[in-house]
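As the structure lists them, so they are numbered: ligands from 1, and atoms in each ligand from 1. Here, residue 1 is the first one in the sequence, and each next residue gets the next number. The shown structure was predicted, so the numbers you read here are calculated from the model rather than taken from an experiment.
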Amino acid sequence: MTEFLWGASTSPHQIEGNNLNSDWWEREQRFPEMFERSGDALDSYHRYREDIGLLADAGLNAYRFGIEWARIEPEEGQFSKAELAHYRRMIDATLERGMTPVVTLHHFTNPRWFADDGGWRDPRAIDRFCRYVEAAATILADVEWVVTVNEPNVYALMSLMDNTMSEEGRAAMADLSVDDLLRAQAAAIPDTELGDILADAHRAAKVILKSATSARVGWTVAGQAFEPTPGNEDEFARVKDAWEDRYLRVSKGDDFVGVQSYTSQKIDSRGVIPHAPHPDNTLTGWAYRPDALGIALRNAWNVTEGTPILITENGIATNDDARRIAYTSEALEHMFAAQVDGLDVRGYLHWSALDNFEWGHWAPTFGLIAVDRTTFERTPKPSLAWLGDIARSGRA
Ligand code: BGC
């Protein structure tokens, strides 16, 4: 039995800086009124050793980070040996500090050429992704945990966002009241067609990785911890299936499924109810629901029929670090309770290691480590030492 992973997670675009060849970079330049820019981000591209060192010094034994397709293949078919070597150095830096790397291959961003030339809906998409995975596999031979695609369900929702960035889409939105707009956003269901394409991409990537590496291979699913309001069980079942279960079923028989949980959502006859503004809401406007982790874990376990679970993200956007500790402490109690009930949970990776770029916004801070974005100075928060102590003792 390998040791329980206690760690923290990041993704490339959110921490590295100057991810110039990615579609997200382009989006930030085109719609500055909608998105703050990632810019230099946290310059973790150059400062990864320091970041890894802080996590290791605190006592964590795992670091989840991603490798960036847009850097590794900046133009179709042009693979950068230097960028692959860069990510190999990150893997080695993690191993050298006695930590287990958990490597994500796709975390919301695509190379610009891929996005501009049809993106995931183009018939060539899966072959293109597979060529990237083959290149990535050359540096992953001894990596024990690989995530193919991060949160395909959220990605399949985000792609709907592209419509809202077109002239027509925005004109249509202009006529909606704020309430209707929030409702429309909350009720949006991930695009199942795109979800199916990502599932095929995951399966194809898994075949490549299983033959080229000794990694455990899985994908991660955003658990929504849906709850029905009285009388709306049918709508609850429909939304839960479209949002979450159809993605979890893909993980049946996989080495692991990554569970990612932040909050819970209530369902009425019209679908997901938007979170009402409330003083307890987090900086992302989500309800404060540390118990969501337990709900998400149990749902993943039931739907996958017992696929081992790695908690690949759980955390809270807050400026109050004591609240981060309180939230996480309660979430961990729900994880321990699930383990007592027989769920096979292999690790807990907190989101996030650093206060990073929250997809167009800098204000929602999820990090165990604060970063001054002018000097790039890192300042660990008390929550990092607190989580490190749990990692050392194995108990909250
Ligand atoms: C994503 C992260 C994101 C986090 C908080 C997850 O959906 O994987 O990239 O920052 O949630 O919103």
Between Glu68 and Thr109, does any side-chain donor sit less than 3.5 Å from a side-chain acceptor?
-> yes

Is Arg27 close enough and on-axis enough to Trp24, meaning under 6.0 Å and within 45°, for cation-pi?
-> yes

Ring centres of Trp6 and His350 under 6.0 Å apart?
-> no

Using a strict 4.0 Å cut-off to heavy atoms of [X], name the atoms of ligand 1 that fall inside it.
{"X": "Asn150", "answer": "8 (O)"}
{"X": "Gln260", "answer": "8 (O)"}
{"X": "Tyr262", "answer": "4 (C), 5 (C), 11 (O)"}

Is it true that Asp43 and Arg373 make a salt bridge, defined as a side-chain N closer than 4.0 Å to a carboxylate O?
-> no

Is Glu151 in polar range of ligand 1, meaning some N or O pair under 3.5 Å apart?
-> yes

For ligand 1, is there an N or O atom under 3.5 Å from any N or O atom of Trp286?
-> no

CA sep, side-chain torsions, deciding dist, call: Glu227, Gln265, side-chain hydrogen bond (donor to acceptor under 3.5 Å, both in side chains) | CA-CA 6 Å; Glu227 290 176 328; Gln265 303 254 267; over 6 Å; no

Out of His107, Glu358, His361, the nearest non-hydrogen contact to atom 5 (C) of ligand 1 is supplied by Glu358

Considering only protein heavy atoms, which is closest to atom 1 (C) of ligand 1, and at what distance to one decimal place?
-> Glu313 OE1, 3.3 Å

Which of these passes salt bridge (charged side-chain N to carboxylate O under 4.0 Å, His left out) with Asp57: Arg378, Arg97, Arg49, Arg392?
-> Arg97

